[in-house]
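Please read the structure below before turning to the comments.
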Amino acid sequence: MPECEYCDATISDEDAYLTHLGSEHADELGGIDRRRVADHGSLNESDDAPSPTMAYVFFAMFAFFTAAMIWYLVFVGI
Ligand SMILES: [Zn+2]
């Protein structure tokens with residue numbers, strides 16, 4: 001039976017242990033444990049989920065270039 005390194009809980013098996021780590025100690029996991037939990041698929045937060053911030057950045061760039069193009073067409077293109 002594995003014992004939790006973080007809170008001394010005794011877990012029934014390895015599978016339940018990784019689930020326990022992911023749900024109870026996701027913020028305090030070390031690098032190796034974090035990867036084991038991530039591989040197991042029980043980590044709540046996902047690193048490869050698309051960040052909403054990037055969507056805002058792309059939208060801002062798109063809006064900027066659209067505005068620049070309109071400005072160019074209106075003041076330079078004619
Ligand atoms: Zn624990």
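First listed ligand is number 1; within each ligand, the first listed atom is number 1. Just so it is clear, the values below take in all heavy atoms, side chains as well, and ignore hydrogens, waters and symmetry mates. Because the structure is predicted, anything quoted here is derived from the model rather than measured.
Asp33 and Arg36 are joined by a salt bridge, as a carboxylate oxygen and a charged side-chain nitrogen come within less than 4.0 angstrom of each other.
In this structure a side-chain-to-backbone donor-acceptor pair under 3.5 Å is present from Arg34 to Ala26.
Not counting sequence neighbours, Glu5 has no partner by the salt bridge (Lys or Arg N to Asp or Glu O under 4.0 Å) test.
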I would like to know whether His40 and Asp15 meet side chain to side chain donor-acceptor pair (under 3.5 Å); could you show each step before the answer? CA-CA 8 Å; His40 180 255; Asp15 202 50; 2.5 Å; yes
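The shortest distance between side-chain heavy atoms of Cys7 and Glu24 does not fall below 4.5 Å.
Ring-plane geometry between Trp71 and Phe75 is classed as tilted, the angle between the planes lying from 30 to 60 degrees on a 0 to 90 degree scale.
For the Zn ion (ligand 1), the set of protein N/O/S atoms nearer than 2.8 Å consists of Cys4 SG, Cys7 SG, His20 NE2, His25 NE2, ordered by chain and number.
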